[in-house]
2 protein chains.
Amino acid sequence: MTRQKKAGPTPASPAKPTMRDVSRLAGVSTMTVSRVLADPSLVALDTRERVMRAVEQLGYVPDLVAGSLSSRRTNFVGLILPTLTNSNFADTAQGLAEALGASYQLLIGYTLYRGGEEERLVRSLLARRPQALVIAGTLHTASTRRMLLNADIPVVEIWDHPDAPLDKAVGFSNFEAGRAAARHLLSLGLRRLAAIGSEADGDVRDARGEARLQGFSAALREAGVEDGTILRHGAAPVSYGHGAAAMSLLLREWPDVEGVFAVSDSSAFGALMECRRRGVEVPGQVSIMGFGDFEVGRECEPAISTIRVDAKGIGARAGELLRALFEGAGAGANALDLGIEVVPRGTTALRVAGRQLET
Amino acid sequence: MTRQKKAGPTPASPAKPTMRDVSRLAGVSTMTVSRVLADPSLVALDTRERVMRAVEQLGYVPDLVAGSLSSRRTNFVGLILPTLTNSNFADTAQGLAEALGASYQLLIGYTLYRGGEEERLVRSLLARRPQALVIAGTLHTASTRRMLLNADIPVVEIWDHPDAPLDKAVGFSNFEAGRAAARHLLSLGLRRLAAIGSEADGDVRDARGEARLQGFSAALREAGVEDGTILRHGAAPVSYGHGAAAMSLLLREWPDVEGVFAVSDSSAFGALMECRRRGVEVPGQVSIMGFGDFEVGRECEPAISTIRVDAKGIGARAGELLRALFEGAGAGANALDLGIEVVPRGTTALRVAGRQLET
DNA sequence: CTGCGTTTTGTTATCGGTAACATAGTCAGG
DNA sequence: CCTGACTATGTTACCGATAACAAAACGCAG
């Protein structure tokens, strides 16, 4: 039952039917078949039915490769993300796919946080002639920028809020997110504060996580708080295990830390569990703040205070923006800031148990 | 700075360069350019350099749409999954992408567990003329099966272990996974057992989760244990919140349940957190068993006992299989069973605290 | 210097559709 | 019964690459 790639003298399977075959069977020209499939209202009812019967009978599936070449519309949209193994980015992808609708096909590429990978991905996606490109991040090599500008298609930078977008942008300020996290911890009266993130490792770096750390630092400086630590541990992507390891290090170095901001809810969750294993009370002894509003942080106990960003919304808005552009809509704002929201939950709850009320 | 789609009388941007332009600039034929890009060793060194210079100078990016049509190789591989917002499936996608390598582009489609969606997706992916299709699940409509067989490309069914694979299969038996979960709980001496999963809701159903529930039931029957409940709650996909809600219902109906199997680690985690909120001790009062070996279950406290399946491995093996087929390798096994593994962790730890030692 | 196998490059004919324009029919109004 | 505005369908010419075959240039033994 194995199919052979190259059949012998007698072709094993009849060649896949083309529009030509359909047109012959229906007794019409290929253009008529094309019309029936693209816009049936252009074709008389009985002809249309004859064509559809032929399509059915042959099991004809149109060849969009040929169609795209001819019409110069591929209906592809390229999407470049650091990784899909992160619920936030997966949400963005899903949001984008849904907003674009069934007629567009997403071409997804992963950089795995490697800077050099972006250029390769852009080149390889552009070769598929997508009608737009959506890219997480705003850091591009000169040659990447050149390719993007030359491509003459809309480019949407997401998950960030660049001062000077290449073209369009949908996201938020990661710097402000880190700043807001620090302020929230400060507002609770906490002063011995730390942040945990990842370190740059050769080509691998999480620019957005780093921006959040910078924002965190800035807020401490603004508040005149000297007592802060930024712990950069391990390489991106950070996840549960990363948070646990970092928290473990942090507690060893600085046992009386009062508040911790993790650049991602995954990390925050790992940190929380590490505290639990060590008998460190949260929020009793240490308050924890995450980022991203991942489901795990909402559902765990205590629930993790976080900075909410609308991951799915970023994809959805980018998709809507593109659809508008495809339909010829004009400019509109170039950079859309979806903002952030501080979501206080259990891990930074006010400490009413006497022992911790004074600070 | 907005680019216009249709330029006015004078074209705003010079038309994107084609291979023709490169060939003229380099003073060679298009075939030579094509060769330089496809297999440089076929072209003399100085010619090659001249061509490369022209490519650089024009910023030429080859058009794979045209190339695919001509060569009849798209280097696309279609992938159909219920959702990407599930770390297991995201892992599978990543494993597949990595195994296929940079020269193949994945075309991902989501069914969101809707049965009818599969047919639409298969049709729309086949229209892109992929060189192979990878599909989660083994349930297909008659017309889907026909399209798949007609397509004359390898088809790999994953995440299951069908008796009669359509073509190739890489996965494991979900029935056995449920069975193993029940047996593990039974081996701890527990008898009042329950399983939580999702219910079919119109077109939306999780066939693999259901198979695990069936396996669970079967094991109880085999062991002669009457005291079992299968709770089907909510619609797929199940997640943290689902587990919490189901556990809540379960505890209300059956307060003295001793062991719970959740069809997914996400659910199991939600159930665990719900127990924590209610002061129900795990594993003291209730043991919990999940499925999938998600990172959240490994890192939480207590860690969740689970049935491990190698999600990334499924993608990787499917990718390797396809690469072998593309390179003309022959048959090989049609169905690959990657098996399952019971991973006992904290949520089913032996209960040494006197009060629970007898059962 | 000739001949023959290699190496290097070019020519021609598609691949399977769609855009743009051309051409029959159809029908209402005069 | 003719004309003009539609409606329905067909013809022709690509879209931008590559496969397959052809031919020219080169190198070296004899």
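Just so we're on the same page: letters track the sequence lines, and every chain starts at 1.
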Nearest heavy atoms of Gln131(A) and Pro154(A), plus distance in Å
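Result for this residue pair: O-CD, 3.2 Å.
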Which value, rounded to the nearest 0.5 Å, describes the distance between [X] atom [atom1] and [Y] atom [atom2]?
X: Leu325(B); Y: Arg323(B); atom1: CG; atom2: CZ; answer: 12.0 Å
X: Leu336(B); Y: Leu321(B); atom1: CG; atom2: CG; answer: 8.0 Å
X: Glu118(A); Y: Ile135(A); atom1: CD; atom2: CD1; answer: 5.5 Å

Taking CZ from Arg20(A) and P from dG10(D), how many angstroms apart are they, rounded to a whole number?
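Going from Arg20(A) (CZ) to dG10(D) (P), I get 10 Å.
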Between dT14(C) atom C1' and Met19(A) atom CE, what is the distance in whole Å?
18 Å
Strictly below 4.0 Å, heavy-atom distances to any atom of DNA chain C: list the hits from residues 28-41 of chain B, or just say none.
Val28(B), Ser29(B), Met31(B), Thr32(B), Arg35(B)
Give a yes or no on this: more than 12 heavy atoms of other residues, nucleotides or ligands lie within 6.0 Å of atom CZ of Arg205(A).
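Result for CZ/Arg205(A): open.
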Check salt bridge (charged side-chain N to carboxylate O under 4.0 Å, His left out) between Arg114(B) and all other residues, then give those that pass, not counting sequence neighbours.
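None.
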Can you list, by residue number, the residues of residues 48-74 of chain A that have a non-hydrogen atom closer than 4.0 angstrom to DNA chain D?
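Heavy-atom contacts with DNA chain D come from Leu69(A), Ser70(A), Arg72(A).
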Between Phe76(A) and Phe76(B) (judged by ring centroids, cut-off 6.0 Å), do the two rings come close enough to count as a pair?
yes
Aromatic Phe326(B) / basic Arg73(B) pairing, under 6.0 angstrom, 45° off normal:
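Not flagged: Arg73(B) not positioned over aromatic ring of Phe326(B).
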